[in-house]
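Encoded as structure tokens, the structure appears first; notes follow it.
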Amino acid sequence: MTFTDDKNLAEKLDSEDALKDHRSRFFIPKNKNGNDVIYLCGNSLGLQPKSVRNFVEQELKDWEMLGVEGHFYAKNPWMPYHELLTEQTARLVGAKPIEVVVMNTLTVNLHLMLVSFYRPTTLRHKIVIEAHAFPSDRYAVESQIRFHGFDPKLSLIELQPRAGETILRTEDIEDVLDADGDEIAVVLIGGVNYYTGQVFDMERITTAGQAQGCVVGFDLAHAAGNIPLKLHEWNVDFAVWCSYKYLNAGPGNIAGCFVHERHATNQAIPRFTGWWGQNKNIRFNMGPTFDPIPGAEGWQLSNPPILPLAALRASLEIFDEVGMETLREKSVRLTSYLEYLLNNHPSKMFSIITPADSAQRGCQLSIRTKEGGKKIFDHLMANGVVCDWREPDVIRVAPVPLYNSFTDVFRFVEILASGTEAGG
Ligand SMILES: *Cc1c(COP(=O)(O)O)cnc(C)c1O
């Protein structure tokens with residue numbers, strides 16, 4: 001696609017945008033003058049779908065009217081409520097329904113998966129993560145290593161980019177797996193790195209890891225709702241993600257978990273258990289014997305929070321209606337437009353560390369500032385742009401296809417440019 005830096009182009013692209021009407025389904029925060037902010041932070045906290053209120057109010061009403069009876073007689077009975085999300089979640093991540101469940105929060109699910117799939121032995125005790133993994137993942141992995149009596153200094157491998165490069169090459173990851181594979185228990189990569197925005201080749205990494213006998217899992221916090229996924233087909237062992245970033249389900253909302261079908265009935269896999277993972281036919285016998293539900297649902301611990309699930313349903317309904325392929329098409333165009341405007345800007349105050357190849361990135365571009373970077377960021381925030389700053393010098397911006405426009409992108413670059421002059 002060829003772009004120009006003419007403002008009319010932004011308006012033209014917006015008028016031709018098949019998804020343009022979806023913006024009005026979201027609340028766009030306002031700046032102090034009462035105008036819509038330029039919200040480029042959907043990678044951190046997605047905006048509120050206007051439909052959330054009705055979904056949540058339905059449950060408040062049923063609770064008000066029915067009390068405990070709502071478990072069976074609510075419009076959408078609470079007992080099986082989480083099942084209302086199964087099909088949509090499966091479509092979102094390219095899974096079979098038996099492979100997914102919504103439960104807990106992301107880091108909790110990561111621990112539950114590591115309890116089941118990280119079973120270190122003296123010969124095979126290492127976990128591979130990417131350098132600059134999200135801190136929570138790193139803490140979780142290190143604590144699991146220590147929990148099993150191993151030492152992160154010896155058992156944690158961090159994949160580093162080549163000298164002078166910021167993104168990892170798939171062939172380098174494969175080389176590490178080929179060389180050290182027999183000592184590696186688990187490979188855990190962020191499907192989309194939160195800092196650089198790099199999309200990893202999950203299929204190749206899975207194949208390479210499993211060829212060496214490793215379990216391969218992904219943290220999809222920045223991938224779910226951002227890029228199309230095919231977890232079942234790629235043969236991924238497990239995955240976890242949150243719902244409050246690209247999935248717009250609200251701050252701290254309930255997370256997702258994927259366990260491949262081939263583990264669905266494997267009773268040899270140890271796990272931490274709770275009553276909600278129990279065979280539904282006998283759960284309320286309250287007996288002593290645990291018989292897990294086959295598939296991801298068998299990893300549930302508690303009866304789930306209905307109000308957060310209701311908000312997530314509102315959001316997933318929109319994703320299901322639009323479809324990830326359609327979203328992705330606009331996303332590639334929108335982010336390519338942003339890239340074009342940044343690269344064509346006469347000031348050479350910044351560079352983009354996110355891969356230039358659309359296939360290796362999602363919505364987000366991470367902009368490395370050269371000098372006065374923090375001042376440029378402050379200028380953006382003061383002028384109605386919401387994006388984020390990551391030490392030491394990176395501004396992350398994520399135009400999301402559901403509610404961002406080409407005009408948002410154009411205005412962002414205009415304000416960034418005036419900031420680089422101000423930042424000098
Ligand atoms: C956002 C994010 C988290 C946050 O974890 P929570 O348990 O939801 O607080 C963890 N890991 C990654 C990769 C993230 O992007």
Side-chain angles (χ1 to χ4, degrees), residues 40-47 85 89 92-93 100-115 117-118 127-144 156 158-159 166-168 173 186-200 202 205 216-227 229 231 236 238-258 272 299-302 304-305 308-309 311-312 315 353-354 361-366 386-391 394-398 400:
L40 298 173
C41 223
N43 55 346
S44 188
L45 184 74
L47 293 181
L85 293 122
T89 301
L92 185 81
V93 297
V100 295
V101 67
V102 287
M103 59 181 188
N104 313 311
T105 48
L106 194 169
T107 307
V108 173
N109 289 345
L110 180 56
H111 275 297
L112 291 179
M113 290 295 99
L114 290 171
V115 162
F117 293 105
Y118 179 54
I127 301 183
V128 173
I129 61 174
E130 82 265 36
H132 295 296
F134 195 87
S136 194
D137 299 30
R138 203 198 146 96
Y139 305 150
V141 161
E142 284 199 5
S143 68
Q144 288 278 341
L156 184 65
E158 285 183 90
L159 299 167
T166 49
I167 59 177
L168 283 156
I173 300 174
V186 170
V187 180
L188 176 74
I189 310 278
V192 179
N193 181 269
Y194 85 100
Y195 191 83
T196 63
Q198 177 180 13
V199 172
F200 288 96
M202 291 178 247
I205 293 170
V216 182
F218 291 95
D219 183 330
L220 303 177
H222 281 262
N226 181 14
I227 56 169
L229 296 163
L231 299 183
V236 168
F238 70 86
V240 292
W241 59 94
C242 58
S243 64
Y244 50 82
K245 292 173 180 167
Y246 292 103
L247 292 181
N248 311 317
N253 204 336
I254 197 161
C257 186
F258 166 93
F272 285 174
W299 269 265
Q300 295 174 104
L301 299 177
S302 300
L309 282 174
L312 177 57
S315 163
I353 60 174
T354 308
R361 68 185 186 206
C363 301
Q364 172 184 327
L365 292 184
S366 303
V386 181
C387 54
D388 76 24
W389 172 256
R390 285 287 175 266
E391 293 294 345
V394 166
I395 296 172
R396 299 187 311 165
V397 285
V400 310

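In each ligand, atom 1 is the first atom listed, and ligand 1 is the first ligand listed.
At most 12 heavy atoms of other shown residues, nucleotides or ligands fall within 6.0 angstrom of atom NE2 in His132.
Closest to atom 3 (C) of ligand 1 among all protein heavy atoms lies Phe134 CE2, 3.3 Å. Of the protein's heavy atoms, Tyr244 OH, 3.2 Å lies nearest to atom 4 (C) of ligand 1.
Considering backbone and side-chain N/O atoms, Thr107 comes within less than 3.5 Å of an N/O atom of ligand 1. Backbone and side-chain nitrogen or oxygen atoms of Asp137 are examined, and one is located within less than 3.5 angstrom of a nitrogen or oxygen of ligand 1.
Closest to atom 14 (C) of ligand 1 by heavy atom, among Glu130, His111, His222, Lys245, is Lys245.
Under 4.0 angstrom from ligand 1, the non-hydrogen atoms of Asp219 all belong to its side chain.
Cys257 has its side chain within reach of Met103: a pair of non-hydrogen atoms, C-beta onward, lies under 4.5 Å apart.
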Task: Evaluation steps, side chain to side chain donor-acceptor pair (under 3.5 Å), between Gln364 and Ser366 - done: CA-CA 7 Å; Gln364 172 184 327; Ser366 303; 2.9 Å; yes

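Side chain to side chain, Ser136 and Thr107 meet the donor-acceptor criterion of an N or O pair below 3.5 Å.
Nearest approach of Ser44 to Arg396, heavy atoms of both residues: CB-NH2, 4.4 Å.
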